[in-house]
Visitor: 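Have a look at the structure that comes next, please.
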Amino acid sequence: MKTRGPLCGALTGLAVLTTVAPAAFAQSEDIEQAPRVFSIQPRPYRLGHEFQLGIGVLPLDAFYIGAVGFASYTYHFTDFWGWEIAGAGYSHNFETGLKSSLKSNYGVEPVSNGGLQVNVLATTSAIIKPLFGKLSFFNRSFIYSETFFTIGIGLAQKSNNGSSFDYLAGVLGIGLRFWSGPALSFRFDIRDYLVFAQPLPDQVLLLLLSASFNYYDRPDKPRS
Amino acid sequence: MRKIFELTPLVLMTLVVAGPVARAGNDEPVSPEQAFEKELEQQAEKLPVMQNRKYQMQHEIAFAVGTLPTDAYFKGLTVGAGYTLHLTEDLAWEIVNFNYSFDFDSHVKQQVLTLAVPKPGQPLSFPQITWFAATHLVVEPLYGKEALGNNSLVHMEVFFLLGPAVVSQISCSAECPAISTATYSFGLDVGVGLRLHLTPVTSVRVDLGDLIYVVQQSAKQALRLSASIAFNLGAGP
Amino acid sequence: MGRSAKIQLCAYVVLASVLLAAHTNADEPTAAQAEVDPAIFDGAVKDYYAGRYAESAAGFWGYVRFGTPAAEKYEWAQFLLGESLAHLGLWHAATHYYYQVAKTRSRPEILPDALSRLEAITRFRPFDESMVYDDLLYDSEFGSLPPQLADWVQYVQGLYDYRNGYLDWAERHFNAIRPVSSYAARAQYVRAVHAIKSSRDDTGIKLLEQVASNPAAEPKIRNEALLARARLHFDRGQYQEALAAYDQVKQIDLSFEQAQLMLEKAWAAFKSKDYRKAMGLLHALYAPAYSKYMLPDAYLLRGLIFKDLCHFIAAKGIVRSFRFALEPTIASLHRRTPMDKIPVLVEGAREQGAMGAIAKVIDALQNERKLIQSFVGPWEDVELDKHLKRLYDLELREQQRQWDIGFTRTSDTLALALLDTEEQINLLDYEVGLDIFRRFKHGQASQLREETLTVPYDSSSVYYEFDTEFWNDELHSYSYFINSRCFETGEEP
């Protein structure tokens, strides 16, 4: 009995510590999780019907460089994704001078005039737009920007010596858009077309600069 | 013709950025009163866009892998490193950027080696870049953020590079070592890049550039593309 | 007194008068009144149009100093001296010479130019109001002026009549302002302020709305009108209307007024029970541009919100940070330290209202005075640098005098506000202590609600999560996602 006092006190103290301590620890855990702060701003520009006109280049082929005129129409279902219903580019090809260089330096000529050259690229693609933001210009003004991805399927027409052939093509792309106003934006796209002329697809890289004209006709849509 | 089109991507990128940013303010003051008022307006403090910028580059060391994809006779796989001193938020000096190219014969070169008959005593040779180095003035006019799915942020920067470059070339046939000794050519390197900030210390860069250099009094150019991981020394947590 | 003594006395009086007249105008030379070589003026004009403003200022000053007001191009020299000094960034000195030209009005053809410079300076730069408004414009007739200048003069004269209680005269001046002028909006604002001061709130609100919707109103005046309207709504307990009015105030700078606006909006949001918006606005006050301003109320509001949402430890943290930040100042007040020796109060006085305007003038004068040193080379010979330093020193003394007079009143107000806030913080601390240990009967309190934060990935709004960067266009749109931790008892917190 005489030892009960201190032992009891110790046990009680231990009991208190074991019950209080976890609660205190749980509380301090709560404190450390600071609330999140967001700036919630309505999107200043929203895409609806987008008409794109652009110029681009096919830079990779050794025998020719393609100067591409490109146009497309995209319907944007939401602010996250849209459908480039039709996107088509016509390539006007310029010789690189390699043929004459091969002839003069090595005395050889390419078979079939250097192979097939891309004339037309026509695809239908999904556009996914997960990124929207703004970039400051020398910390004095800012422009709104958007990063988007393209994935699609279509046709590539290649030709050589007057004969043209159509091949199935897939396209993957990434693009950056800078807004000038609600109706006008500028885009830089990098698109990689995989042309299935053979089992192993050819790669056709398109670098594209475009102006986009936008018409947004859904004013009654509530903002989320 | 190739040169023009290989420069096009850089021009395109620059135009995309410059277009919406350019101001149309062409109002020339027509009276002394307007000129006086304009001077006062310009002196008034402009509201900056942001405060307490999160990512401030200071001493940047970058390690890159890249490619020289457009040469007809070789495709280069480059590895490189560079050091950049960021003088202000908008201006930097890439003091040195060095890239070594592991060159692989292109399909065209392989075909030529198979088909071409070399002249006696004159083996076939194809010039290829072994390494190139440059120093750049870097202008970083654009810095900002994009919301990724509204749930997180991606901080990015667009920058432009310009500076003198030196290119080392050798002539190779079917196999290297080189048939001739290395030649050094001087020229210019111009480029545009995009940086994605991951942490205050690390970022990822994608550079698209064009090396323009003079070989035997004729200008040559090589498009280069690289991705780097960059470390920002001296940055706070 | 004998005849000779009288003659001597008269001679002394005449001599004294001559000497006195020779010293009254700092610009008039003490040397003999010689005709100035016109080549000095011509040379200075050449320098001016070639962009050599320091040299042209020296030339014009030489002409003014050694010439007389009767000299052919005296006023032109004064005016062009002002122009040269303006180009060099010495705005107060330029104002002084524009003022001289406008005051003497001996060359009517340059009067509009001088006035237009002064009008532009009053819109963009800190300036000495008593010199330009009191001495020059008020109670002066300028004859026929271009419309913009006439509107300005009428506005200033009407404003001063309002201040002095001459309402009829004031209205006569204001009615002479063209409705399309920006000064018409300013006049309307003055009328609105007077109506509110006279307890005619409804009239005041109507006038403020007219100012806010006036397309000719400058952004600053429009903001002030919207702010005044918002404050009226707040005072009447119409918090939603107040918030709507506050939301229309544009962010044009990062001044103390903008910080105060944010705090007032936060109070309005708090009263409307929109705690997330209130905390978001308070969060924006952490931006570097605002964190230097003295806003003790911000601590109180944060503490109140944390208490209402039962974040007691956070509330206690706010009490501690208030004491850490302001306890030394409060201790100084308790010790009866002179107010001008308490840095927080001095800085607080410099931030707002009339004292803020005087502080800006003093800062500008001090900066410009330092600038004089850069031009000592071309100015040393003609002693223009000495003259300008004397001019700036005189003005600095005057502005300091006005500061000292106004500071007594302002510092008292600030000190009382700070002590009042301290009391409220202490009360908050006590109430938080009570709330922590508040008891509920078993079964009385229900489980607290956990509201999960869902951020839509596909949304017509963009959600920028805060990550230490403050973008100035976002400062008014922060939302602080904080949940209530209170147990639901059906009672109000």
Side-chain angles (χ1 to χ4, degrees), chain A residues 38-40 54-67 80 94-98 101-102 105-111 114 130-147 176-181 184-190 205 207-211, chain B residues 1-2 4-9 11-13 15-23 46-51 53 69-73 89-90 106-108 111-119 124-126 139-150 153-158 194 208 223:
Chain A
F38 284 88
S39 164
I40 305 171
I55 53 167
V57 63
L58 302 173
L60 285 187
D61 197 281
F63 289 97
Y64 74 95
I65 297 280
F80 186 81
F94 297 88
E95 301 291 327
T96 57
L98 180 60
S101 168
L102 287 171
N105 292 340
Y106 309 109
V108 295
E109 282 181 12
V111 169
L131 289 145
F132 184 92
K134 48 199 171 183
L135 299 175
S136 79
F137 182 68
F138 291 119
N139 207 16
R140 285 283 167 256
S141 58
F142 65 86
I143 50 174
Y144 288 101
S145 68
E146 184 179 74
T147 303
L176 203 53
R177 182 196 303 275
F178 296 96
W179 297 91
S180 182
L184 179 65
S185 59
F186 297 91
R187 289 168 56 156
F188 180 65
D189 289 67
I190 300 175
L205 187 72
L207 303 172
L208 189 60
L209 165 71
S210 344
Chain B
M1 186 56 74
R2 191 183 183 95
I4 296 171
F5 284 108
E6 290 192 354
L7 274 173
T8 304
V11 171
L12 299 186
M13 194 63 201
L15 285 174
V16 162
V17 170
V21 167
R23 291 276 178 262
K46 297 277 187 292
L47 192 64
V49 169
M50 83 181 89
Q51 307 172 49
R53 176 169 157 158
T70 53
D71 195 277
Y73 300 120
E89 284 176 357
D90 309 315
S106 69
H107 180 67
V108 169
Q111 294 282 304
V112 171
L113 284 170
T114 308
L115 297 170
V117 177
K119 293 180 185 150
L124 297 172
S125 69
F126 302 86
V139 177
E140 302 158 306
L142 291 168
Y143 169 85
K145 59 185 182 183
E146 288 188 346
L148 174 60
N150 274 342
L153 285 180
V154 172
H155 284 267
M156 57 170 68
E157 227 174 291
V158 175
L194 181 72
L208 177 66
L223 197 72

Visitor: Verify, without hydrogens or angle tests, whether A:S136 (side chain) and B:G144 (backbone) share a donor-acceptor contact under 3.5 angstrom.
Guide: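 Checking the backbone N and O of B:G144 against the side chain of A:S136, no donor-acceptor pair under 3.5 Å is found.
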
Visitor: Taking all heavy atoms of A:L176 and all of B:E146, pick out the closest pair and write down the distance.
Guide: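 In this case the closest contact between A:L176 and B:E146 is CD1-OE2, 4.3 Å.
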
Visitor: Just so I know, are the side chains of A:F63 and B:V108 near enough to count as touching, which here means a heavy-atom distance under 4.5 Å?
Guide: yes

Visitor: Please classify the contact of A:F38 with chain B as side chain, backbone, both or neither, using a heavy-atom distance under 4.5 Å.
Guide: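 Just its side chain gets close to chain B.
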
Visitor: What's the shortest heavy-atom distance between A:P59 and B:T70, and which atoms?
Guide: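 Shortest heavy-atom contact: O-CG2, 3.9 Å.
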
Visitor: With a 4.5 Å cut-off on side-chain heavy atoms, are A:T147 and B:V154 touching?
Guide: no

Visitor: Just so I know, are the side chains of A:F137 and B:D90 near enough to count as touching, which here means a heavy-atom distance under 4.5 Å?
Guide: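 Not touching, per the 4.5 Å side-chain cut-off.
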
Visitor: Knowing that exactly one of B:V49, B:V139, B:L142 qualifies, which makes a side-chain contact (heavy atoms from CB on, under 4.5 Å) with A:F138?
Guide: B:V139

Visitor: Are A:Y106 and B:Y73 close enough that their ring centres sit under 6.0 Å apart?
Guide: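 A:Y106 vs B:Y73: aromatic centres under 6.0 Å.
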
Visitor: With A:N139, which of B:M50, B:R53, B:Q51 fulfils side-chain contact (heavy atoms from CB on, under 4.5 Å)?
Guide: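 It is B:M50, the one option of B:M50, B:R53, B:Q51 that forms the side-chain contact (heavy atoms from CB on, under 4.5 Å) with A:N139.
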
